[in-house]
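Okay, structure first, notes after.
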Amino acid sequence: MKLITHNMLTSNIIKGVKNGFPLKINAVKVENITVDYNRDFITRMLPRIEYNALRSAVSDIGINESLPEVLSESLQEDDEFLKKMHKVLLEIEIEEGELICPETGRKFPIRKGIPNMLLSESEVS
């Protein structure tokens with residue numbers, strides 16, 4: 001699971017959950033996968049990214065990529081920053097671990113890079 005995917009996942013579908021975002025990551029196995037840099041893709045994705053959630057995810061998995069506290073407009077034009085965002089969003093792959101709902105503590109397993117967000121019948125609202 002790439003961090004770009006994580007940034008879009010929520011557990012709001014669980015009965016009674018009001019704020020199921022961002023999901024905390026407990027990573028067991030993280031890999032770096034090389035992906036060709038595409039500046040246009042990253043600049044188009046930046047407005048859609050919940051930046052604080054991304055910063056939390058980077059912290060959760062303990063990768064050595066420090067992101068600035070604030071995503072300023074000038075950074076969105078800075079090629080070095082865009083390359084760092086490319087690496088964080090597309091090259092870091094969580095292969096094994098779990099996602100944890102911030103409200104209920106419900107754990108969703110990640111196996112072979114795929115998060116399993118299926119719920120039991122009693123959890124569906």
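Around atom CG of Asp36, no more than 12 heavy atoms belonging to other residues, nucleotides or ligands sit under 6.0 Å away.
At least one side-chain heavy atom of Leu75 sits under 4.5 Å from a side-chain heavy atom of Pro68. Looking at Tyr51 and Leu67, their side chains come closer than 4.5 Å, going by heavy atoms from C-beta outward. Contact check for Ile92 versus Ile33: no side-chain heavy atoms found under the 4.5 Å cut-off.
No chain of hydrophobic side-chain contacts below 4.5 Å, direct or via other Ile, Leu, Val, Met, Phe, Trp or Tyr residues, connects Phe21 to Leu71. Under a hydrophobic-cluster definition in which Ile, Leu, Val, Met, Phe, Trp and Tyr are linked whenever side-chain heavy atoms come within less than 4.5 Å, directly or via other members, Ile25 and Ile114 are assigned to different clusters.
The distance from atom CG of Leu46 to atom CG of Leu82, rounded to the nearest 0.5 Å, is 6.0 Å. In this structure, the separation between CE on Met117 and CD1 on Ile13 is 6.0 Å, given to the nearest 0.5 Å. One finds the CE atom of Met1 at 8.5 Å from the CG atom of Leu23 (value rounded to the nearest 0.5 Å). Between the CE atom of Met85 and the OG1 atom of Thr43 there is a distance of 11.5 Å, given to the nearest 0.5 Å. Distance check: Ile4 CD1 to His6 NE2 gives 13.0 Å after rounding to the nearest 0.5 Å. Here the OG1 atom belonging to Thr34 is positioned 9.5 Å from the NZ atom belonging to Lys87, to the nearest 0.5 angstrom.
Counting only distance, with no hydrogens or angles, the side chain of Lys24 and the backbone of Ser56 share no donor-acceptor pair below 3.5 Å. Remark: the backbone N or O of Leu90 is paired with a side-chain donor or acceptor of Lys2 at under 3.5 angstrom. The closest donor-acceptor contact from the side chain of Glu77 to the backbone of Ser74 lies at 3.5 Å or more, if one exists at all. A side-chain donor-acceptor contact under 3.5 Å links His86 to the backbone of Val35. A donor-acceptor distance shorter than 3.5 angstrom exists from the side chain of Asn7 to the backbone of Glu50, with no hydrogens or angles considered.
Here the rule is side chain to side chain contact (heavy atoms under 4.5 Å, CB included) with Phe108, and of Leu118, Leu9, Asn116, Leu119 only Leu119 fits it.
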* To do: Show your reasoning for whether side-chain contact (heavy atoms from CB on, under 4.5 Å) applies to Ile110 and Val28.
  => CA-CA 9 Å; Ile110 304 168; Val28 174; over 6 Å; no
* To do: Begin with the C-alpha distance, continue with both residues' side-chain angles, and end with the deciding distance and a verdict on side-chain contact (heavy atoms from CB on, under 4.5 Å) for Arg55 and Glu69.
  => CA-CA 8 Å; Arg55 289 185 72 237; Glu69 285 189 35; 3.6 Å; yes
Atom pairs and distances, side-chain donor-acceptor, residues 95-103, under 3.5 Å, sequence neighbours left out:
{"from": "Glu96", "atom 1": "OE2", "to": "Lys112", "atom 2": "N", "distance (Å)": "3.0"}
{"from": "Glu98", "atom 1": "OE2", "to": "Asn26", "atom 2": "ND2", "distance (Å)": "3.0"}
{"from": "Glu103", "atom 1": "OE1", "to": "Lys18", "atom 2": "N", "distance (Å)": "3.1"}
{"from": "Glu103", "atom 1": "OE1", "to": "Asn19", "atom 2": "N", "distance (Å)": "2.7"}
{"from": "Glu103", "atom 1": "OE2", "to": "Lys18", "atom 2": "N", "distance (Å)": "3.2"}

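For the pair Arg39 and Phe41, the cation does not sit on the ring face, since its NZ or CZ is not both under 6.0 Å from the ring centre and inside 45° of the axis.
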